[in-house]
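Presented below is the structure to which this report refers.
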Amino acid sequence: MQTSADLKNLLARIDRRGYPAYKDARGAYQFPGYVLSIDHVQGDPFAAPSKLSIHVSGKTAGFPRALYETRCRRLALQDELTRQFGRRAAQFSFQAKGSGQSGLISVSRCGPEVLERTACRLDPERGDVLLRLEVGFPANGRTINARELEKILFDFLPRCVQSALLYRNLDAGRLQAVAGLAEDQNYIRRMLPELGLCAFVADGSILPRESGVSARPMKGAVAFQSPPELAVTLDLPNRGKITGMGIPKGITLIVGGGYHGKSTLLKALELGVYDHIAGDGREYVITDPTAVKIRAEDGRSIRRTDISMFINDLPNGKDTAAFVTEDASGSTSQAANVVESMEAGASLLLMDEDTSATNFMIRDELMQRVIHRDMEPITPFLDRIRELYDGYGISTILVAGSSGAYFHIADHIIQMDRYVPKDITDFAKREAAAFPAGDAPLPPAGKPNFDRRPRAGAAFRSGERVKLKTLGRDGVSLNRETIDLRYVEQLADSEQTAALGYCLLYAQRHLLDGRRNLRQVVEELEALISAQGLAALCESRSSVAFLARPRRQEIFACFNRYRELNL
């Protein structure tokens, strides 16, 4: 391994040369207390920044084993170190001058959710810390300005390492609080099934956000307070006793007037599948980790999905047991979303009337009289919701503001009144008794067929170069095919979207052989990530992308929306 002095000498030699000479700097260099690796050098100052990594041995980093001995604590510590390093790096970013990206120093930008990322990885055995970052190598025009890069590598980065990656220089109490919060959140999540719950919302939680484009809690918002009928008290390992609303398994209806907090509660539950940082207001909003938000998705691609549980006998004779379309309607897309969520292992569905297809959700009494059941190919979700729970153990939480059709079938009904939840189950059931329940119950549907066996596309089989591009949280582009993920609403970070693209690319190259079904493909991807980390998805281990781990439910969603999936 080369030394930092070797790097300094190299920079002196290439100063004022053409920008490509920076590529000579690739390699690993021993600095006092850590190793700096220059993994990838950008082609010019206007290109994507260079990729670097910092390796600190467990002995030097000095983090007590108690802070990372369990997975939840380790992820929380990795997340905190990424945030600490990012805040410190932001103070130095662009202080080194030049053209284009010159002087940029950046790491992953973390939102309120705690995610497993390639940005920081802590070895569970030795306690070694690996942190990845991007740096814009300085230039004047396209001429190397090595003196400015020397500032970054020999002044700015060592100060960031000292203040953000060494235990002795960090606030021990804060780190312990971060680990304790993660452990408490994990404890609640493990307790949900034991208590017969699918979600928990702690008293005092702040659910509204600052704005539609901000993840910060709203100032002056009404703090959440559980109705007495649904109150649950838990004794957490670190915080101690905490009380909040437990949402039981089964069918739960959330109702209320407009702007009273129905969708706000549902949105918090959607993101409750992730741990959250302290101060977010939703730290103790904990949802079944397999929960999936279901909505209508006009225009999406559907690839040989068995939607016969909900749609049959189409006038055009299309086979709904292996339904294919490039332009799904609201009802067919929502039916596919439900069935695909079953395939992905969901045990909780989250729905909002506002983003659902009306004809998929209900058929009112008058419509049933005018258009008889045998003339309607769509079996409404209302007629299958009980079967999903009784037959498959899949609960549903549904927000409804205009239709009372689900009052008859719901196990629990919560009214949001000025952001305050009230249990109105008994009252709503009494009122519903005065209204007919509609058609007689249907016999159970057959279990959907999940044995879809994808094969790699021709470009992947031939070994052609494949271009992967991330489109923020909206989707990914594989060659010229865009996978639209705008309505996969539980994606919390664009780095998760990037990881989905790499999952699809890796699967095409290594797993899609026509022998494995989609469940087996996703299971193998998850096993790979768990064993080797997200970096294992990248073909070039020396230039790992910034990735965040998606859930298996989002991996399924990405595959299911890939129009070129060869089934």
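These numbers come from a predicted model, not from an experiment.
Contact check on R83 versus D79 returns a salt bridge, with a Lys/Arg side-chain nitrogen under 4.0 Å from an Asp/Glu carboxylate oxygen. A salt bridge links E539 and R509; the closest N-O separation between the charged side-chain nitrogens and carboxylate oxygens is under 4.0 Å. Taking 4.0 Å as the cut-off between side-chain N and carboxylate O, D411 and K249 do not count as a salt-bridged pair. Under the 4.0 Å criterion applied to side-chain N and carboxylate O atoms, E270 and R551 are not assigned as salt-bridge partners. With respect to E489 and K267, no salt bridge is recorded, no charged nitrogen being found less than 4.0 Å from a carboxylate O. A salt bridge does not link E229 with K422: every distance from a Lys NZ or Arg NE/NH1/NH2 to an Asp or Glu carboxylate oxygen is 4.0 Å or more. Salt bridge annotation for R300-D298: absent, with no cationic side-chain nitrogen under 4.0 angstrom from a carboxylate oxygen.
Qualifying side chain to side chain contact (heavy atoms under 4.5 Å, CB included) partners for A221, counting only residues two or more places apart in sequence or in other chains: I206, P208, M218.
Using modelled atom types and a 3.5 Å distance limit, the side chains of D288 and S347 yield a donor-acceptor pair. Looking at T332 and S329, their side chains do bring a donor and an acceptor atom within 3.5 Å of each other. With hydrogens and angles left out, the side-chain atoms of T82 and S108 include no donor and acceptor closer than 3.5 Å. A side-chain N or O of N566 and one of R455 form a donor-acceptor pair less than 3.5 Å apart. Looking only at atom types and distance, the side chain of E340 has a donor-acceptor partner in the side chain of T305 under 3.5 Å away.
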Handout entry: Working for side-chain contact (heavy atoms from CB on, under 4.5 Å), residues E113 and D275
Key = CA-CA 6 Å; E113 297 81 17; D275 288 350; over 6 Å; no
Problem - E326 vs R563, salt bridge (charged side-chain N to carboxylate O under 4.0 Å, His left out): CA-CA, chis, key distance, verdict - result: CA-CA 7 Å; E326 296 297 327; R563 294 178 185 272; 3.0 Å; yes
Exercise for the section: Could you go through the side-chain contact (heavy atoms from CB on, under 4.5 Å) check for L314 and F323 one step at a time? Expected result: CA-CA 11 Å; L314 290 175; F323 189 73; 3.8 Å; yes
Exercise for the section: List the steps, then state whether ring-ring contact (aromatic ring centres under 6.0 Å, His included) holds for F360 with F310. Expected result: CA-CA 8 Å; F360 175 77; F310 298 102; 5.1 Å; yes
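A 4.5 Å side-chain heavy-atom check between Y562 and I483 finds at least one atom pair inside the cut-off. Within the 4.5 Å cutoff, no side-chain heavy atoms of S341 are placed close to those of Q553. For the pair L197/I247, no side-chain contact is recorded, criterion being any heavy-atom separation below 4.5 Å from C-beta on. Contact check for D280 versus R209: side-chain heavy atoms found under the 4.5 Å cut-off. At a threshold of 4.5 Å between non-hydrogen side-chain atoms, the residues T287 and F200 do not count as touching. Residues Y506 and L528 have side chains in contact (heavy-atom distance under 4.5 Å, counting atoms from C-beta outward). For the pair R282 and L207, the minimum side-chain heavy-atom distance is below 4.5 Å.
For the side-chain contact (heavy atoms from CB on, under 4.5 Å) with L537, the qualifying choice from L500, V544, L504, L525 is L525, the only one to do so. Considering R117, R473, R549 as possible partners of D493, the one that fulfils the side chain to side chain donor-acceptor pair (under 3.5 Å) test is R117.
The distance from the CE atom of M309 to the OG1 atom of T379 is 10.0 Å, given to the nearest 0.5 Å. Rounded to the nearest 0.5 Å, atoms CG (L236) and CG (D184) are 4.5 Å apart. Taken to the nearest 0.5 Å, the CD1 atom of I414 stands 7.5 Å off from the OG1 atom of T425. A distance of 11.5 Å separates CD1 of I311 from CG of D313, quoted to the nearest 0.5 Å. One finds the CD1 atom of I254 at 9.5 Å from the NZ atom of K262 (value rounded to the nearest 0.5 Å).
In this structure, K429 forms no cation-pi arrangement with F407, as its terminal cationic atom is not both closer than 6.0 Å to the ring centre and no more than 45° off the ring axis.
Y406 contributes a side-chain N or O that, together with a main-chain N or O of M361, makes up a donor-acceptor pair within less than 3.5 Å.
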